[in-house]
> 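Once you've had a glance at the structure underneath, I'll fire off some questions.
Order of the sequence lines sets the chain letters (A, B, ...), proteins ahead of strands, with each chain counted from 1. Note that the structure is a prediction, hence the values are computed from the model and not measured.
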2 protein chains.
Amino acid sequence: MKLPESTEWVLHATTALAQLDQGVTASAAQLAEHYGVPVAYLAKQLQALVRAGVLSGTTGPRGGFRLARPADQITLLQIVEAVDGGAPFYTCNEIRQSGRGASPPEQCRQACGLAVRMAAAEAAWRDSLRAVTVADVVASLPAGLPDRTRALLARPR
Amino acid sequence: MKLPESTEWVLHATTALAQLDQGVTASAAQLAEHYGVPVAYLAKQLQALVRAGVLSGTTGPRGGFRLARPADQITLLQIVEAVDGGAPFYTCNEIRQSGRGASPPEQCRQACGLAVRMAAAEAAWRDSLRAVTVADVVASLPAGLPDRTRALLARPR
């Protein structure tokens with residue numbers, strides 16, 4: 001079970017955009033160069049973040065991306081789910097009701113205990129990522145890094 | 001991010017084996033028929049559970065599988081990791097140290113804050129599955145089900 005490799009890219013790209021001054025944008029090409037990652041694939045994932053309401057993006061030569069809302073209202077879960085989808089890790093196909101050992105319907109009125117435990121573990125993962133915002137991540141960056149990010153990504157206006 | 005479909009099969013198969021009387025085994029064919037799942041693929045996954053120390057298996061016409069230790073010492077995490085591996089969901093390739101925006105090494109002495117948060121979420125998932133044993137699952141089965149499982153899976157001795 002693996003998250004897409006681009007999960008790291010979009011987490012960092014969103015964190016970088018959160019360090020820019022209000023109204024400043026960065027293009028997919030700038031962000032790709034900043035992190036040394038492939039621009040076409042990063043651009044596709046940034047569009048997924050736009051669809052998820054994490055970023056807003058404008059196209060054209062002066063276009064670029066910025067946060068769609070304040071950094072303290074964007075959770076790591078929103079970013080991860082934008083690129084990975086929000087589908088459950090575990091699929092219950094109700095095999096307790098299949099085969100020679102199929103349980104009768106009256107014994108299956110409650111959800112399968114295994115599915116319930118697997119869902120609880122996923123909820124713990126999601127809750128953990130929902131509890132961290134991009135603002136929290138920016139606040140824990142090494143001193144001086146946000147100034148450097150701003151300077152490197154600043155565009156001629 | 002998806003667990004293999006066979007995760008459900010091995011969780012149920014291990015739970016079924018936990019309902020058998022001491023010393024009784026069930027073959028891959030019996031378990032596959034019990035749940036209506038493909039025997040070849042189930043057998044492969046049961047072997048993975050043997051390698052993980054969850055089951056012990058004997059081969060031959062009277063061979064079969066049983067728990068390798070008491071059901072209260074087998075966690076759902078052990079079963080899930082036996083079929084999915086224990087690799088992290090999130091891979092940190094240290095892109096903070098790549099590209100035009102590469103942070104200098106002295107700003108990277110601490111682990112990347114994003115990687116730390118992603119690892120914490122995975123730990124929450126693992127902790128949740130580690131807290132549930134097969135004995136817990138058996139204890140929450142509908143009344144009468146263990147007797148039925150035992151009767152259906154009993155083999156001529």
> Taking all heavy atoms of A/S98 and all of B/Y35, pick out the closest pair and write down the distance.
CB-O, 3.5 Å
> Please rank B/L145, B/T149, B/L141 by heavy-atom pairs under 4.5 Å with chain A and give me the top one.
B/L145
> Please lay out, stage by stage, how B/L3 and A/M118 fare under the test side-chain contact (heavy atoms from CB on, under 4.5 Å).
CA-CA 11 Å; B/L3 287 166; A/M118 295 302 290; 3.6 Å; yes
> How about CZ on A/R66, more than 12 heavy atoms from neighbouring residues, nucleotides or ligands closer than 6.0 Å, or not?
no
> Find the one option among B/P4, B/S103, B/C108 whose heavy-atom pairs under 4.5 Å with chain A are most numerous.
B/S103
> What's the shortest heavy-atom distance between B/R100 and A/R148, and which atoms?
O-NH2, 4.5 Å
> Please look at A/E5 and chain B and tell me whether the side chain, the backbone, both or neither of the residue comes under 4.5 angstrom of a heavy atom of that chain.
side chain
> At what distance, to the nearest 0.5 angstrom, does OG1 of B/T7 lie from OH of A/Y90?
7.5 Å
> State, to 0.1 Å, how close B/S128 and A/A124 come at their nearest heavy-atom pair, and which atoms those are.
CB-CB, 4.4 Å
> Any chain of hydrophobic side-chain contacts (each under 4.5 Å) joining B/V39 to A/I95?
no
> Evaluate the side-chain contact (heavy atoms from CB on, under 4.5 Å) criterion for residues B/W125 and A/R126: first the C-alpha distance (whole Å), next the side-chain angles of each, then the deciding distance (0.1 Å), finally the verdict.
CA-CA 9 Å; B/W125 182 78; A/R126 287 179 210 283; over 6 Å; no
> Measure the CD-CE distance between A/E81 and B/M1 for me, rounded to the nearest 0.5 Å.
9.5 Å
> Just give me the residue among A/A87, A/G144, A/P88 that pairs up with chain B most often, heavy atom to heavy atom, under 4.5 Å.
A/P88
> Taking every non-hydrogen pair under 4.5 Å, which of A/L152, A/L114, A/V132, A/L129 racks up the most with chain B?
A/L114
> Please determine, among A/A121, A/G36, A/A16, the option with the most heavy-atom pairs under 4.5 Å with chain B.
A/A121
> Between A/R109 and chain B, with a heavy-atom cut-off of 4.5 Å, which part of the residue counts as in contact: side chain, backbone, both or neither?
neither
> Rounded to the nearest 0.5 Å, what separates atom OG1 in A/T15 from atom CZ in B/R96?
12.0 Å
> Would you sort out whether B/Q110 and A/S140 count as a side-chain contact (heavy atoms from CB on, under 4.5 Å), showing the intermediate values?
CA-CA 11 Å; B/Q110 299 218 312; A/S140 67; over 6 Å; no
> Determine yes or no for a side-chain-to-main-chain donor-acceptor pair under 3.5 angstrom, with A/E8 supplying the side chain and B/E94 the backbone.
yes
> Counting heavy-atom pairs closer than 4.5 Å to chain B, which one of A/N93, A/D127, A/L76 comes out on top?
A/N93
> Using the rule given for side-chain contact (heavy atoms from CB on, under 4.5 Å), can you reason through A/D136 versus B/R117, listing the C-alpha separation, both sets of side-chain angles and the distance that settles it, and then say yes or no?
CA-CA 10 Å; A/D136 297 329; B/R117 265 74 171 222; 4.1 Å; yes
> Identify the two heavy atoms, one from A/Q107 and one from B/P142, that lie closest to each other, and give their separation to 0.1 Å.
O-CG, 3.4 Å
> Does some side-chain heavy atom of B/F89 sit less than 4.5 Å from a side-chain heavy atom of A/K2?
no
> With a 4.5 angstrom heavy-atom cut-off, could you sort out which part of A/A115 is near chain B: side chain, backbone, both or neither?
neither
> Measuring heavy-atom distances to chain B, does A/V116 have an atom under 4.5 Å in its side chain, in its backbone, in both, or in neither?
neither
